[in-house]
Each structure stands twice: as structure tokens, then as C-alpha cells.
Amino acid sequence: MTIRVRRTLPIALTATLALLFTLIPAQASIATAETPANDLDGRCVTLRVTTTGTTAGPSNYLTRESVGYGTRGTVATAEPFAVEATDLGRYRLYDSTGAILYLSVANWVWAGTEYGDRADWTISVGANGYRIRSTLTGALIGSRSGQLTTSDASFALVPASGCAQPAAATTGVISGPTESAVNADGTINGLIDAHAHPAASAAFGGELICGAPFAEGGIEDALAGCPSHAAGAGALFEAIIGGTDPLGGDDGWPTFTDWPTPTSLLHEQAYYGGIERAWQGGLRVFNALLVGNRVICELYPTRVTSCDEMEQIRAQADLLHEMQDYIDAQSGGVGEGWFRIATTPAQVREIAAEGKLAVTIGVEISEPFGCREIDGVAQCDEADVDAGLDELETMGVSGLYPVHKFDNAFGGTRFDAGVTGVALNVGNYLSTGHFWMAQSCTGPADNTQPITNDGIAALLAAASGSAAGAVLPVYPTGPICNVRGLTELGEYLIEQMMDRGMIIHVDHMGVATAQAVLDIAEDAGYRGLAAVHTWSDRSLTARVAQDGGFVAGYAYAASDAGNGEPDFLSEWNANTTAAGSGVLTSYGYSSDVNGLAAQPGARLDATSDPLGYPFTAPNGAVFDRQVFGQRTWDLNADGVAQYGLYADWVADIIRTAGADGAELKEQLMNGAEEYVQMWEASLAW
């Protein structure tokens, strides 16, 4: 957990607990094996050697020496140690000066300055006390010649005071929620982020994004700057994608001078301490999408994992589970953490009943199961689809984007607009061997393209005998649609997803593809549909709502942020109107955090009409500003620079909605429940 409670205990209570801590391991002497010690995070203790082959006597507490640690101290001279979990059963140990214990190459335990492999300790409970091993070497530590070194020994952990305060993020919570996470009728009371990428640091080859949602070495490691992003490829890519200064520096922890910001798209924006704050503000379902893109991965010059998109999502699935374990380790042990992966609607309801955050898993990649197309020829078949869906089910995946940024073997993509569209059109060419092909259309349309000329487009189409864009990315003026629709293999995929009760995400499908998918679902009476981050024609989003699917809006600022994007409230009103009276009774937001997508900027009118601190979240929790290191975050100045500011953002959009605020709050707090009901209906189909 990120709220660390360091208590200074009364002397009498300390003595009593010291006796208990000494006796508990002795009572375990009947055990024949050691058990992991998973509940030590956040403790302040002294260490007393209880068994050793070379040292005996009553004065055997650890003390701080000039280089390492002695083992012949008394209660009065004992050194207090802060215990910080790095994983289940693994810890960092800090002395009162903030030095970290590490195992030297000569096998003495010395005081270090930073975390690393030799400063990680696995602690278990044995017959005579706690057993402390180097995680790296497996060697037990104990006493030899009055010094702490490798030796077969056990320890008593005695409660103490005076420990150092290891770096951590505060959550800024002043008081907890006044509303339960579950209503009296059993329905879930809370928010849903329907589209987030908390594990994306493991995507795109593992080097594209600087930072991580957690780290064994703590926040100072997870959010440290990266030389590769201060200058070179990382800085250049971010300048292209997010419009940042390629020579602007890369200072993260502890000042956060350069990042995160709403537009620092290649830096970690979803540190777990921020997600924790959002959960405490009423977030109940967090849809974690495993993301990847082979072309982007291959364009970036360095990587540590494969660019195969299925390999990318496997790495992220592993990271999500590691993140759950890490938060468990911060919270007292297996299953104790607030971050819980849910693979069924029933599990979501159980997690909500415990007041915790249900983390569901989806997939958003351009070449699922390797199913790209090259010059219109599918590079996979039905057997590959079956095997791929089987694997996704094994991973606990509940939903899939059949089409993402490029045309693939299942159907055509919805074009990106502007300069981003030009870049992705080149990516489409690299993936498929052709540019996006389009035709003029009426009604629902895909995004227009920057290079438009009716005469040139017609000439090139006539010369190639194909649609506009087949030779060069020059397109007709006015509304255009991707000529590529749902393929026969795409239809097979949709049918198989319905048979398995999987959620079909229609965002990113071109109009023709999405219309065909919705036709199939409507004919079958299938509700497992989602349009959740403002990436479909509004008429298609309305159809999803009318079909009983789930709708959410991209998390734009509450009002104009001066970045050329729409605002959240206008989109909410437009989607509500398009769906028809009484259709949308719930709503979600989609952060797309870590998805190479900008986060909400600060409102232009935030100076004259700021969100006031402290503020009250829709579940009744009261928050002050969140602090990371030397940086205090403020929505009015920073926008949603990091995920913890979504608690502030939700309060701000409800407040800014004015007379509509009560209705918006009701719909948002019903979002998690409606999503789960849609998922239940898809499984029951």
C-alpha cells in the first residue's frame, strides 16, 4: 500500500509485542518446513539473532557499524530497520539512516545506497524464528565473529521506532468513502474505466515506454527518468507522437520536472499509487487492455522482448499478475491487496463486495493471433482463430478489439485523422502492403484524411483499378469510408466470440466492418458489445447502446482544454441524445492511459473556476492533493498528468456539469454495474 502507517509504540506495549514476536517463531518449532513471511511490509523492527553456530548470549541485536552491521548489540543499542516489500515474501531493509542492506561479493552484509539484486531479501518463518536469505544467491545470513554475514541463523523481529521513511507516493485521502461499494440491492456502486493500459510498459518491445506501474525498488525506480528518452529515439518518438520537446530533458523522480504530463505519451502515467487513489475515489472496475503493435515495435530501435503482438500481450498479462502480487505484498499477503484480477462477472461482484478494485482483462492489438492480411490475403485461418481464442480465455481475457489501427484479416480499420492518420497509414502499408483504401460515402463515415484531391484520387484509382488510396494516400474530399468491410474470417471470429460470451469492442472498426458486426449481433440478440472510447461514428455508438451494450466516453477535460479536442460533457450529452430518450442510464469513462493517447489537459477556465481542494469524490471520500516525491499534483494546473488525478477529474466533471451534475454522477456510479450486467448477459446468451 502507499499509505504507510509508522506508529511509535508506548514502551510497555513495545515490550509486550517484543515478547510476542520472540515467542511466535518458537511456537512454530513443530513445523518441518519454512513458510513465506508475506505480512511484514511497513514494519519498523529491530533484529535479534536467535540461533547461530558461532555466537551466543543475551546481547545479540543488530547494530550499525562503520561499514556493515554488528550482531552483539543490546536493546538500547539495537538498530531499527524499515521493512519494505518487493514481492510476496521478499523485502528491502533500510536502517535508520536510510541505507539499504545488501550482500557484498565477500558475503558480508553492508549498508548500501541503492536497491539492486543484492539488496533483495527473501524472508520466511522457520522452527526458531525468521530466516533471511539473499534472493539472488539463496544464502542465509546470520552472525559470524560478531558481524552480519552469510551464516545459518534465525532472527526475532522486535517492534521498534525510529525507522527511516522509504520513498512512497501519498494518496491524499483525508477521509474514506461514506457510500458502500455495493448498494443495498446488491448492485455495484461505482465507476468504471472501460479502457486503460496499466501494463503497457511491457508492450512494444518493452523499451518504448519509460517507467513502470510498480518496481521492486519502489517509486524511485519505477518513475526514474530514462537516458534513452532524454535524447535520442525515445525523445524523438515522443516529439512526433505527443508534440513534446525532443531536447527537453527527462526528469522523473523525485522532481517530476519533465514528466508525467498529459502529453508525455512515452512515459508511465499509471503508477499503482495513482490507481490506488482513483480506487479510493470510487473506481470499481478497471478494464486493463493488453495492447501491442508490431510495426511500432519494429520501428523503435531497441527492445527487450519480441515484436510479435501475441508475445507482447503475454508479457503484459504476466506483468498484471506480478502487479497484483506486488500490491498484495504491500497489503499483508496473498489476496489481501485492493487490486484484484477478475475473470468472471461473479468475481467482479465478489471483489466489489470486499470494497476492492476489480481488474478485468481485454486485448487491443492490430494483428490478433497473427491474423494480418498482406495485399488482401489472410495470413491465418479458422484453426488459428480457435487456438487464439482458447489462449485468450486461458489468460482470463473477457473482451477483444477484432480490428485496431490497421486493416487485418478480419476487416477494415477506422482511419485516424490528421497527421496521426498519415503516420498510421504508412504503418498500414508496412503491415498489409497497401495504404488505406476509401470511397466517398453518406451517413456514417470514417475520419477524413489530410491529403484530399478529387481529381488526383480519381486518376490514381482509375490507373490502379482499385479504390482511392491503393497507389498513394490521396483521397476524395468530404466524408469517406474504408472500402474494406468484415471478411469471411472476421465473421467466423465474431461468431466464435459470441459462442464464448466475449465482449466485442466495435471501436476502431471501419464503418462497413462495424455495421456488419452489429447486424450479426442484433440478429442474434447478443448484448456483449462495447463502444467505450469515442472511436466510432456516433450513430454506431448509439446502436451499441440500443442493443444493450455498454457505452463510455473518452476522458476529455470537463470543458475546453485548448488542445483541439472535444470536452467530456459535450460528448456525454451528444451520445445520450443519439442513443434516444431513456436508453443511456449508465456511463463510463475511458482513460486510454499508457495507450499513446493524451490525457485530459487542464481546463482553460481552471484559473477562474478551479476545482477546490479538498474535494469530495462521488462516493463521499474526501481528498487533498496527491504528492509524489517533491511534486504536488493539482488538476487545475496539471490536468490528468498521472492516473491519481482521475479522482480529481471525476469530481471536476460532475461539478462542471452544473444542473446536470446529479444525473451524470448517477450514471457514472452505475457504470460498473451496467458493464457487469452486459458481461453476464453475453455469457448467458
Side-chain angles (χ1 to χ4, degrees), residues 1-7 35-45 80-94 98 100-101 114-116 119-125 130 132 135 157 159 163-173 176 198-199 201 211-224 253-254 268 270-281 283-284 286 288 318-342 351 354-359 621 626-629 642-644 647:
M1 70 183 76
T2 54
I3 298 179
R4 265 57 167 198
V5 181
R6 314 290 190 188
R7 297 182 176 87
T35 57
N38 292 326
D39 60 349
L40 303 181
D41 180 73
R43 294 195 188 184
C44 178
V45 300
F81 294 96
V83 185
E84 296 292 310
T86 64
D87 199 349
L88 288 167
R90 291 171 44 199
Y91 299 91
R92 296 172 278 146
L93 300 173
Y94 294 91
I100 188 168
L101 275 68
E114 61 184 22
Y115 173 78
D120 196 283
W121 304 97
T122 297
I123 303 180
S124 59
V125 180
Y130 289 93
I132 305 177
T135 303
L157 273 58
C163 280
Q165 300 292 314
T170 70
T171 57
V173 176
S201 59
F214 70 97
E216 295 170 343
I219 189 171
E220 59 266 53
D221 281 1
L223 300 183
W253 172 269
E268 180 61 56
Y271 182 65
Y272 87 98
I275 300 173
E276 182 178 13
R277 175 178 167 98
W279 157 65
Q280 291 174 321
L283 184 65
R284 288 290 163 258
F286 189 55
D318 289 343
L319 184 60
L320 273 182
H321 285 275
E322 291 164 7
M323 188 171 175
Q324 177 177 258
D325 288 347
Y326 181 83
I327 294 171
D328 277 356
Q330 310 297 308
S331 307
V334 178
E336 297 298 320
W338 50 267
F339 183 98
R340 313 305 309 156
I341 295 173
I351 291 165
E354 295 175 351
K356 298 181 179 182
L357 176 63
V359 181
Q626 187 169 30
V627 177
F628 284 9
Q642 52 85 15
Y643 199 87

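A quick note: this is a predicted structure, and the numbers were derived from the prediction, not measured.
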Exercise. Kindly indicate whether the side chain of Gln280, heavy atoms from C-beta on, has any atom under 4.5 Å from the side chain of Thr171.
Key: yes
Quiz prompt | Shortest non-hydrogen contact from Ala278 toward Ala647 | solution = CA-CB, 4.3 Å
Quiz item: Picking from Tyr272, Phe286, Tyr271, what satisfies ring-ring contact (aromatic ring centres under 6.0 Å, His included) with Tyr643?
Solution: Phe286
Quiz item: Mind checking whether Ile275 and Trp338 have side chains closer than 4.5 Å, heavy atoms only?
Solution: yes
Practice problem: Starting at CD of Gln626, measure out to CD of Glu276 and round the result to the nearest 0.5 Å. | Solution: 8.5 Å
Quiz item: Does Glu216 have any side-chain hydrogen bond (donor to acceptor under 3.5 Å, both in side chains) partners at least two apart in sequence or in another chain, and if so, which?
Solution: Arg90, Tyr115
Exercise. Report, as yes or no, whether the 6.0 Å neighbourhood of atom CD on Glu354 holds more than 12 heavy atoms from other residues, nucleotides or ligands.
Key: yes
Self-check item: Asp221, Leu319, Ile327, Ile219 screened by side-chain contact (heavy atoms from CB on, under 4.5 Å) with Phe214, the one that passes
Solution: Leu319
Quiz prompt | Minimum heavy-atom distance Ile351-Ile341, with the two atoms named | solution = CD1-O, 4.2 Å
Quiz item: Should Arg92 and Asp41 count as an ion pair when the cut-off is N to O under 4.0 Å?
Solution: no
Quiz item: Hey, does the side chain of Glu114 reach the backbone of Gly217 with a donor-acceptor pair shorter than 3.5 angstrom?
Solution: no
Quiz prompt | Gap between atom OG1 of Thr86 and atom OH of Tyr326 - 0.5 Å precision | solution = 8.0 Å
Self-check item: salt bridge (charged side-chain N to carboxylate O under 4.0 Å, His left out) involving Asp39 - partner list, sequence neighbours excluded
Solution: Arg43
Practice problem: Could you tell me which non-hydrogen atom of Pro166 sits nearest to which non-hydrogen atom of Glu84, and how far apart they are? | Solution: CG-CG, 3.5 Å
Practice problem: Flag the pair Phe339 / Leu320 as yes when at least one side-chain heavy-atom distance between them is below 4.5 Å, and no otherwise. | Solution: yes
Quiz item: Roughly how far, to the nearest 0.5 Å, is the OG atom of Ser331 from the CG atom of Leu88?
Solution: 9.5 Å
Quiz prompt | Atom of Cys163, atom of Ala82 and distance for their closest heavy-atom approach | solution = SG-N, 3.5 Å
Exercise. Hey, could you give me the OG/CE distance between Ser201 and Met323, rounded to the nearest 0.5 Å?
Key: 9.0 Å
Quiz item: So, do Arg340 and Asp328 sit near enough that their side-chain heavy atoms are less than 4.5 Å apart?
Solution: yes
Exercise. Apply the test side chain to side chain contact (heavy atoms under 4.5 Å, CB included) to residues Leu93 and Val83: give CA-CA distance (whole Å), side-chain angles for both, the deciding distance (0.1 Å), then the verdict.
Key: CA-CA 5 Å; Leu93 300 173; Val83 185; 3.8 Å; yes
Exercise. Would you check if Glu220 and Pro254 make a side-chain contact, meaning some heavy-atom pair closer than 4.5 Å?
Key: no
Quiz item: What closest approach, in Å, do Gly274 and Phe628 show between heavy atoms, and which atom pair accounts for it?
Solution: N-CZ, 4.3 Å
Exercise. Could I get the full list of side-chain hydrogen bond (donor to acceptor under 3.5 Å, both in side chains) partners for Tyr91, not counting sequence neighbours?
Key: none
Quiz item: Which heavy atom in Leu157 sits nearest to a heavy atom in Tyr130, and how many Å separate them?
Solution: CD1-CD1, 3.5 Å
